[in-house]
Amino acid sequence: MNHSKVFPNAQAALEGVQDNMTLLVGGFGLCGIPENCIEALVKMGAKNLTCVSNNAGVDDFGLGLLLQTRQIRKMVSSYVGENATFERQFLDGELDVELVPQGTLAERLRAGGAGIPAFYTPTGAGTLVAEGKETREFEGRPYILERAITGDFALVKAYKGDTFGNLVFRKTARNFNPMVATAGKITVAEVEELVEVGELDPDQIHTPGVFVQRIFQGQNYQKRIEKLTLNEGGL
Amino acid sequence: MSQILSREQIAYRIAQEVEEGFVVNLGIGIPTLVANFIPLEKKVMLQSENGLLGMGPFPRRDEVDPDLINAGKQTVTAAPGASYFSSADSFAMIRGGHVDLTVLGAMQVDEKACLANWMIPGKMVKGMGGAMDLVAGARRVIVAMQHIDKSGQSKLLRSCNLPLTGIHCVHRVVTDHAVVDIDPEGFVLQEVAPGFTPEEIQKITDAPLRISPNLKVMSVDIPVSGKGS
């Protein structure tokens, strides 16, 4: 039996992804998204997926690719602008969406990975987000009960990783990836550089390898920029 | 002659609220412009909720890095002293009251300090992003907006009729016509745009305004030296 966590590519690492599963996907906009995994899912064809991810990509990149192929049935996100395919499918009733405040989404994933089934947060108290949820006062202020999120698979993009699954992220490409990594039954990490154990400084590891079940070295990263904004010409 | 404020003048006025050493989160639109008017010597740290504390200016072409963006998904740089962190840590900062000030836009604000800025029923809803967490958690919430909407309706109301972003959370509203504070009894008019009387501001406001004993005229002169990076 192969005990190694290392897989040759995305398709091999995603073996077992089936219709109707819940996938947790790291990234913020197009920054720090698991590009190789998304591309492989398009080829593999699993349908009726629920995707938990802060955003839904753009029409022709990121999770937008899985929307184009109609593989996603439901998105759980904080912001889904910048995507016309999403808008059309949502208005046609083909796609469900659960909008979650960004900090609540991050905490629900963190809780899911940390064995906390639910937590109280002030975010959204007194708004539509609170509907159907328990509200409780602490020190005179209302808080709402939010449930943890876990997934069948978690798809993570890191800068470097080792063969045990230890991960190092780079700059703001970290975003949701560390929480997503903890909350998947099977967490698949794709990295720009895969190294042997011992090569990463233990003091600099952001996600300990215990949270990662499968890892592979990604290739052909596009790292698309959504809004190139330069200093010349001001804002 | 009366004069309403431009977007830059609103941003400049809000920049005067930023104190030395503050950690500040700026929303999209007029709030983003506030950064231009915060003097460098105030050593302010800008927080971007996607995981950056210490946001610098936009990059030169040779500094562009796809792994370094702000919450509006624009390419940015990191300032000296910056740190990167996860979204969970970012919102621990925000929800936990470690951010001194957030400035954001709004469609409506009411006299109970509630605001609405994320959803118009019947229109495509794009999501609240981090706005609900920011208004629930930042120590001080300032709204930057026009006083009246495109159809001439007051955006300051007794009670918001659009879906709320947060309740009892707004401290001050800076508009193109006035600076209005919100206390437990409602709106207090603190400043008026040049040439306007409190009565004229009341006329375009759909809720009673109490007039501050220290009523002032808003400053609209942006000093050239006040322009930061």
Side-chain angles (χ1 to χ4, degrees), chain A residues 28-32 54-55 77-83 87 90-91 97 99-107 109-111 121-129 141-142 159 169-179 206-207 221-235, chain B residues 32-33 35-36 48-52 56-61 63-78 82 84-95 114 116 118-119 124-137 163-169 229:
Chain A
F28 184 98
L30 300 180
C31 183
N54 188 54
N55 310 96
S77 304
S78 84
Y79 188 80
V80 293
E82 356 281 0
N83 192 319
E87 191 163 337
F90 176 70
L91 294 173
V97 58
L99 290 171
V100 180
Q102 197 173 123
T104 297
L105 184 61
E107 193 66 10
L109 289 161
R110 198 193 70 81
T121 177
T123 303
T127 76
L128 287 178
V129 167
R141 198 176 168 199
Y159 176 51
F169 302 98
R170 186 169 177 273
K171 302 188 176 179
T172 58
R174 190 182 319 185
N175 56 62
F176 280 79
N177 281 297
M179 289 78 67
H206 298 128
T207 290
Y221 280 104
Q222 292 190 36
K223 292 200 183 185
R224 272 205 217 172
I225 291 172
E226 216 165 321
K227 292 180 186 167
L228 178 67
T229 311
L230 298 171
N231 209 338
E232 303 97 69
L235 295 159
Chain B
T32 304
L33 301 176
N36 293 353
S48 187
E49 65 267 24
N50 57 316
L52 167 60
F58 295 123
R60 296 188 312 266
R61 193 165 285 279
E63 292 175 319
V64 169
D65 185 337
D67 287 338
L68 181 45
I69 64 169
N70 65 16
K73 287 135 192 160
Q74 296 171 303
T75 46
V76 289
T77 57
Y84 303 114
F85 35 83
S86 72
S87 300
D89 284 346
S90 181
F91 284 93
M93 253 173 233
I94 290 167
R95 231 189 284 99
C114 304
W118 73 285
M119 180 180 181
M124 176 68 195
V125 182
K126 302 204 168 193
M128 67 292 277
M132 287 192 177
D133 304 279
L134 281 159
V135 300
L164 297 176
T165 304
I167 54 170
H168 317 312
C169 56
S229 55

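Sequence lines set the chain letters: A, B, ... in the order given, protein chains first and strands last, and positions in each chain run from 1. Keep in mind that this is a model prediction, so the values were computed, not measured.
Of the atoms belonging to Ile69(B), heavy atoms from both backbone and side chain fall under 4.5 Å from chain A. Residue Met124(B) touches chain A through its side chain alone, counting heavy-atom pairs closer than 4.5 Å. Heavy atoms of Thr165(B) lying under 4.5 Å from chain A belong exclusively to its backbone. For Asp89(B), no part lies under 4.5 angstrom from a heavy atom of chain A. Interface residue Arg95(B): only side-chain heavy atoms are found under 4.5 Å from chain A. Heavy atoms closer than 4.5 Å to chain B are found in the side chain of Ile225(A), but not in its backbone. Using a 4.5 Å cut-off between heavy atoms, Ala116(B) does not touch chain A at all. Proximity to chain A is absent for every atom of Glu63(B), based on heavy atoms less than 4.5 angstrom apart. Contact annotation for Arg170(A): both backbone and side-chain heavy atoms come within less than 4.5 Å of a heavy atom of chain B.
Between Thr32(B) atom OG1 and Gln74(B) atom CD the span is 6.5 Å, to the nearest 0.5 Å. Put simply, CZ on Phe90(A) and NZ on Lys126(B) are 12.5 Å apart, with the number rounded to the nearest 0.5 Å. Taking CZ of Arg60(B) as the start and OG1 of Thr75(B) as the end, the distance is 13.0 Å to the nearest 0.5 Å.
Looking at every heavy atom in both residues, Trp118(B) comes nearest to Leu128(A) through CZ2-CD1, 4.2 Å. Pairing each heavy atom of Tyr84(B) with each of Ala78(B), the nearest pair is OH-CB, 3.5 Å.
Checking Lys223(A), Lys171(A), Arg174(A) one by one against Asp67(B), the side-chain hydrogen bond (donor to acceptor under 3.5 Å, both in side chains) holds for a single residue, Lys223(A).
In terms of heavy-atom pairs under 4.5 angstrom with chain A, the leader among Asn50(B), Leu134(B), Val64(B), Leu52(B) is Asn50(B). With chain A as partner, the option from Gly72(B), Gly127(B), Ser87(B) having the largest number of non-hydrogen pairs under 4.5 angstrom is Ser87(B). Looking only at heavy-atom pairs under 4.5 Å with chain A, the residue among Asp65(B), Leu68(B), Asn70(B), Val135(B) that has the most is Asp65(B). When each of Leu105(A), Asn54(A), Asn177(A), Val100(A) is checked for heavy-atom pairs under 4.5 Å with chain B, Val100(A) comes out on top. The choice from Gly166(B), Ala92(B), Ala71(B), Gly137(B) that makes the most heavy-atom pairs within less than 4.5 Å of chain A is Ala71(B). Between chain A and the residues Ser48(B), Ala82(B), Gly130(B), Gly51(B), the largest count of heavy-atom pairs under 4.5 Å involves Gly130(B). The most heavy-atom pairs under 4.5 Å with chain B, out of Ser77(A), Pro122(A), Cys31(A), Ser78(A), come from Ser78(A). Among Gly81(A), Pro101(A), Ala173(A), the residue with the largest count of heavy-atom pairs under 4.5 Å with chain B is Pro101(A).
Put simply, the side chain of Leu99(A) reaches to within 4.5 Å of the side chain of Val125(B), judged on heavy atoms. Contact check for Lys73(B) versus Tyr79(A): side-chain heavy atoms found under the 4.5 Å cut-off. For the pair Gln102(A) and Phe91(B), the minimum side-chain heavy-atom distance is below 4.5 Å.
Partners of Glu87(A) under the salt bridge (Lys or Arg N to Asp or Glu O under 4.0 Å) rule, at least two apart in sequence or in another chain, do not exist in this structure.
With Asn231(A) contributing its side chain and Phe58(B) its backbone, the two residues share a donor-acceptor pair below 3.5 Å.
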